[in-house]
Chemist: 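Input: one structure, supplied below.
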Amino acid sequence: MKQNEKPFDVVIVGGGIVGLSVALEAQSRGLSVAVIDPDIAEARASFGNAGVLSRGSIFPMAAPGIRARLPRYALGRDIAVRARLRSLPHLAPWLVRFLLAAEEGAWRRTAAALNPMVAEAFDRHVALADLVGGRHLIKRNGWLRLYRSAEAFAGSVLEQAVLKENGVRIDCLGEDEIRQLEPHLARRFSNGIFFPDTGSVESPGELVELYRHAAEGRGAVLVAGKAEAILETGETMAVMVAGRRIEGRHVVLAAGARSAELARTLGYRFPLAAERGYHRHFALAEGVELRRPVCDAAGGYVLSPMNGNVRLLTGVELARQDDPPEHAQIDGVEPDARKTLSFTTPVDGKTWLGSRPSTPDGLPVIGRAARHPRLIFAFGHGHIGFANGPMTGAVVASLLHDEQPPVPVAAFSPSRFGG
C-alpha cells in the first residue's frame, strides 16, 4: 500500500467461505477489511462441494480401523479414498500424525470437540444468507447415507452411538423408508441413516459469490492476486501480493490448502494435506427427481441436487495440491452411480477438482499465532469447511475483539502443532 495509506483493521488472506465469513462478521463490528484472493471462483474448495450443511459431520478421517485399510488406499484398490504414491514423501509429516490419531479415544475426542461448532452450522449459514439475500438457496431437507447390506449397516453401530452421545438426531431406515424419502433411487440399498437436522445448498458457488458481493458492497477492498508472504511490520502485519504490501492491524490466514505454505513465511509449520475431490454435473432423466444429497457408503460417491441437475462427487484423493488431476476416481464411480440414479449426459463436459485443507487430527486450526499475536489462523477444516465457514467467521471476529468465542475452540488451537 502507499506510504500515506492507513492500514486496514483486518487483512484476510483467502476469499472462500471462511475468509468471506470473517470479512462479513468483522464488518458487522465496524472494522475495515481487505480480502486477498486470486479471484478464480472455480479454484476455491467452497465452489465445488456437495453443499451439505451436515449436522452429523463430526468425525475425522483418522477413524478406528483405518490403518488396516491404508495399503488399499495407496494401491488404488478403494474407490472412496486414494493416495498418490509419489506424493507420500511430501505427506509424511501429516501421515505420521494421522496414524497416531487413528484410534478410538482420539476419534471420540475429535467428535466431541467439533460437535458444538457443527451444531450451529445450519443456523449460522441461514443468518449470513439472510444478510446477503441468499436464504432461498438453503433448504433443511436432510442428508441420507445409504448401505447396500445389513452387514455394512451393522458396521456403523459405533458411529451411531457416538452421534447419539453428541445429541445428533438420526433415523435408521429400511428399504421401504428409503423409498419413501427418495422414490427415484434404485432398489439396491437395504438400510440407511437419515440426518433430519441437516440442510443443503443447491449452488454453493452462487452463495459464496453473494457473500463476496455483500462484503464488497459494505466496503471491503478485494485485492485480486496470490499472497506471497506475510510480514511483521512493527505495530502492524503485512501481506505481500505481486510486490505490493497490504498492511493491517490484524491478518487472518484463511487460504485453505495454501495456508501452511504461507504460514511457513513466518516460521510456522503445520502438517496440512490436500484432501482433493472431483465432481461432474449431469442432467437427470425425464421425470427423475433427487430431493436431497445422498451418499452411497459402498460406492464411495455422493449425489447432490444442483439447480435441477445432479452433481456427482468422489471421495478423497490425498495428494499435493498442485499434482495434476487423475480422473480414475470419478471415472470409476460414474458407472456405479448411474445404477443408483438415472441421469443422462454431462451438463458442461467439465470435471472439477478442488483441494480441501486437511489436518491429521481432523480439527481446524483457529486461533492466534504464538509469536505473532496480530496474526489469526483460520484454516484446516477438511471436508466441513463450507458448512462451518460462517461459524468460523463469528469465532474469528470474537478473537479480534478479545471476546469469548461463541463456541469452545481450545481444541482448535494452533499450539498443538507448535503454532
Chemist: Partners of Lys139 by side chain to side chain contact (heavy atoms under 4.5 Å, CB included), sequence neighbours excluded?
Modeler: Asn141, Glu202
Chemist: Is any side-chain heavy atom of Arg338 closer than 4.5 Å to one of Phe343?
Modeler: yes
Chemist: Do Phe282 and Leu341 come within less than 4.5 Å of each other through their side chains, counting heavy atoms only?
Modeler: no
Chemist: Within the structure provided, determine whether Ser54 and Ile384 are in side-chain contact (heavy-atom separation under 4.5 Å).
Modeler: no
Chemist: Using a 6.0 Å cut-off, check whether atom CZ of Arg269 has over 12 heavy atoms from anything other than its own residue.
Modeler: no
Chemist: Could you check Thr351 against Arg280 for side chain to side chain donor-acceptor pair (under 3.5 Å), going step by step and ending with a plain yes or no?
Modeler: CA-CA 5 Å; Thr351 298; Arg280 287 174 181 160; 2.7 Å; yes
Chemist: In Å and rounded to the nearest 0.5 Å, what is the CG to OG distance from Leu253 to Ser259?
Modeler: 4.0 Å
Chemist: Are Asp323 and Arg82 ion-paired here, with the side-chain N under 4.0 Å from a carboxylate O?
Modeler: no
Chemist: Walk me through it: do Arg135 and Val126 pass the test side-chain contact (heavy atoms from CB on, under 4.5 Å)?
Modeler: CA-CA 6 Å; Arg135 179 64 181 88; Val126 168; 3.4 Å; yes
Chemist: Do Glu182 and Arg292 sit within salt-bridge range, that is, some charged N less than 4.0 Å from a carboxylate O?
Modeler: yes
Chemist: With Asp361 as reference, evaluate Arg109, Arg97, Arg416 under the salt bridge (Lys or Arg N to Asp or Glu O under 4.0 Å) test and give the passing residue.
Modeler: Arg416
Chemist: Is there a side chain to side chain donor-acceptor pair (under 3.5 Å) between His250 and Arg374 once you walk through the steps?
Modeler: CA-CA 5 Å; His250 286 89; Arg374 292 181 180 274; 4.8 Å; no
Chemist: For Ser413, what residues pass the side chain to side chain contact (heavy atoms under 4.5 Å, CB included) criterion, not counting sequence neighbours?
Modeler: Ser415
Chemist: Parallel, tilted or perpendicular for Phe377 and Phe270, by the 30°/60° rule?
Modeler: perpendicular
Chemist: Can you check whether Phe386's main-chain N or O pairs, donor with acceptor, with His125's side chain at less than 3.5 Å?
Modeler: yes
